[in-house]
There are 2 protein chains.
Amino acid sequence: MKIDPNATSDLSAQIAKAIRDSIVEGRLIVDERLPSEAEMAEQFKVSRATVREALKRLAAQSLIRTQRGAFGGAFVNKLSFEEAYGQQVTTSTLLISMNEVSFETACEARYTLERACAPLAAQRRLPDHLADMRAEIVRQGQPGLTDERFCASDVAFHRALVNAAGNPVLAFQLAGAVEGMQPLMNMITFTARSRERIIDLHTNIADAIEAKSAAPADEALGELARYTVELAQGVFDERAKSRP
Amino acid sequence: MKIDPNATSDLSAQIAKAIRDSIVEGRLIVDERLPSEAEMAEQFKVSRATVREALKRLAAQSLIRTQRGAFGGAFVNKLSFEEAYGQQVTTSTLLISMNEVSFETACEARYTLERACAPLAAQRRLPDHLADMRAEIVRQGQPGLTDERFCASDVAFHRALVNAAGNPVLAFQLAGAVEGMQPLMNMITFTARSRERIIDLHTNIADAIEAKSAAPADEALGELARYTVELAQGVFDERAKSRP
DNA sequence: GACTTTTAAATGTCTGACAAATGAAAATTG
DNA sequence: CAATTTTCATTTGTCAGACATTTAAAAGTC
């Protein structure tokens, strides 16, 4: 691990990169303890403050965790699916909100990936997954539900569908596609009639998954994708009319 | 933005969270300048070092960028697809390598998602994407190519396929699934015969995409998924035999 | 007006210090 | 001896102040 004091980037960024590379390439293994801040400061010939800034960068990516006290220090963190899932959602949400991604593009990505899960979900679903899906459908039918809560329940329904595929890597990869869409979905005003239609389609999906038949689930998801884009189009048209 | 000095977590983590929330929820918009470190230190009633640690956390997630000099400071960064792509790949790679994910599980996730792209790719592919795919196929046929380079070319081929779908959000979501697999793929030893088989399947895929016919592409991808798992199984069996 | 110099503001880095947490070892107690 | 308490060294978390470096605007110069 070498640091170049004359490089363009910050010393803390260089140090963070050196340690990150060591972790990614396996020279530092999970739960291994890094040298203390003071030792690293000496090793890299920088101050402790600079080392700390580097460590905070790594902590932000869940690559290390720190513990105070004697025999404490910084340890290589075993990245959990939960942590990775959260990072994935945050990144996707920001990416979509900051890059003028059209609703159609985001929606297409989401439903394309989700439909890919449907056959696996139909094949492997457990009672728990079905129960989760049914519970969200019930929630979606409750009167007085705000649009935001309706959307949140929609996300929860689709998360259950993805989980039913029984592949944690797949679930992680889809996290951003499903949950990152929520801010866009929240912009839609759901009328009683559109909710009814969506709940019908969700019911079709749950029924198909329960019956372990992939095709109808895929069909309903396709229909849902079309309908969602249609609803969004209506909202945008309405908005364009009121602000010409 | 409020900070609790008695909370369990670090002050710098709390401050980072407060700023992150402001960005995610839109209270801070792209390119907006944050207060200077000294001002934030005063505002949050902490030292400048603590504020800096918080800012480094945000910089590690590409949420802010900093600029030195007068009228410099920390600015909300517009998360680019490129940056997000890189983060996604790093996270996926670490997640897979640290969590005893079976080759089958990772492979299933990858090919399930990739097959979902095939119809879109067949429909929308541009000459550039085809050229990229063909170029990688040529490279894969060169003698003397190391296994690692063969794998890297394999990833490049599949990246071109995903890009051919013409949906940047989809491409981003698939980044981890395709590239995060590489360390696992690198463990496979590719014989001349297995390379030939893979190149044949890649050619089938490229031909199908060129002909804008989705079904053969999907078929070849399925075959490739099966064959990859089979190859890996061979490697693991071999290893089990030599180290009983 | 075009060029150079100055200057103020901001981040980057360093030093030294103290607070707080924490587990191991030593001392104490029954 | 065993259980408990105390001490203590180590390490991270936080702070204050200083200086170096970068940068663009402002002032000065021809």
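This one's a predicted model, so the numbers in the text were calculated from it and none came from an experiment. All chains are named by letter (A, B, ...) in the order of the sequence lines, taking the proteins before the strands, and each is independently numbered beginning at 1.
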Participant: Of the options D:dA25, D:dC15, C:dC14, whose atoms approach the side-chain atoms of A:Val46 most closely?
Facilitator: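 For A:Val46, the side-chain atoms sit closest to C:dC14.
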
Participant: Examine distances only and state if a side-chain atom of B:Ser153 and a backbone atom of B:Arg149 form a donor-acceptor pair shorter than 3.5 Å.
Facilitator: no

Participant: Name the closest nucleotide to the B:Arg52 side chain, picking from C:dG12, C:dT15, D:dT11.
Facilitator: C:dG12

Participant: Looking only at the side chain of A:Leu11 (C-beta and beyond, no hydrogens), which of the listed nucleotides C:dC14, D:dG13, C:dT22 gets closest?
Facilitator: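 Of all the options, the side chain of A:Leu11 is nearest to C:dC14.
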
Participant: Could you tell me the separation between the CG atom of B:Leu55 and the P atom of C:dG12, rounded to a whole number of Å?
Facilitator: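 In whole Å, C:dG12 P lies 9 Å from B:Leu55 CG.
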
Participant: Given C:dG23, is OP1 or OP2 found less than 4.0 Å from the side-chain N or O atoms of A:Gln67?
Facilitator: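 Answer yes for this pair, as a side-chain N or O of A:Gln67 is under 4.0 Å from OP1 or OP2.
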
Participant: Once ring pair (Phe, Tyr, Trp, His ring centres under 6.0 Å) is applied, what residue pairs with a partner in residues 52-93 of chain B remain, sequence neighbours excluded?
Facilitator: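 Those involving residues 52-93 of chain B do not exist here.
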
Participant: Could you give the CZ-to-C1' distance, from B:Phe75 to D:dT23, as a whole number of Å?
Facilitator: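 One finds 11 Å between C1' of D:dT23 and CZ of B:Phe75, rounded.
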
Participant: Quick test of your reading of the model: are A:Arg125 and A:Asp132 salt-bridged, counting only N-O distances below 4.0 Å?
Facilitator: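 Looking at A:Asp132 together with A:Arg125, the answer is no, because their closest N to O distance does not fall below 4.0 Å.
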
Participant: From the options D:dT11, C:dT11, D:dT14, select the nucleotide whose nearest atom is closest to the side chain of B:Ser47.
Facilitator: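 The answer is D:dT14.
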
Participant: Of the nucleotides C:dC14, C:dT11, D:dA25, which one has an atom closest to the side chain of A:Thr50?
Facilitator: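 Of C:dC14, C:dT11, D:dA25, C:dC14 is nearest to the side chain of A:Thr50.
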
Participant: Would you say the base of C:dG12 and the side-chain of B:Arg48 have a donor-acceptor pair closer than 3.5 Å?
Facilitator: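 It does, because a donor-acceptor pair links the side chain of B:Arg48 to the base of C:dG12 below 3.5 Å.
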
Participant: Do A:Glu39 and A:Ser36 have side-chain atoms, one donor and one acceptor, less than 3.5 Å apart?
Facilitator: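 Looking only at side-chain atoms, A:Ser36 and A:Glu39 do form a donor-acceptor pair, the distance falling under 3.5 Å.
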
Participant: Between B:Thr90 and B:Thr93, is any side-chain donor less than 3.5 angstrom from a side-chain acceptor?
Facilitator: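 No, no side-chain donor-acceptor contact under 3.5 Å.
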
Participant: Using a cut-off of strictly less than 4.0 Å between a heavy atom of the residue and any atom of DNA chain D, enumerate the qualifying residues of residues 56-66 of chain A by number.
Facilitator: A:Lys56, A:Thr66

Participant: We want to know whether B:Arg110 and A:Gln173 form a side-chain donor-acceptor pair, criterion being a heavy-atom distance below 3.5 angstrom.
Facilitator: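 No.
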
Participant: Report yes if a donor N or O on one partner sits less than 3.5 Å from an acceptor N or O on the other, where the partners are the side chain of B:Arg68 and the base of D:dT21; otherwise report no.
Facilitator: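 Indeed, a donor on one side and an acceptor on the other fall under 3.5 Å apart.
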
Participant: C:dG12, C:dT13, D:dA24: which one has an atom nearest the side-chain heavy atoms of A:Ser12?
Facilitator: C:dT13

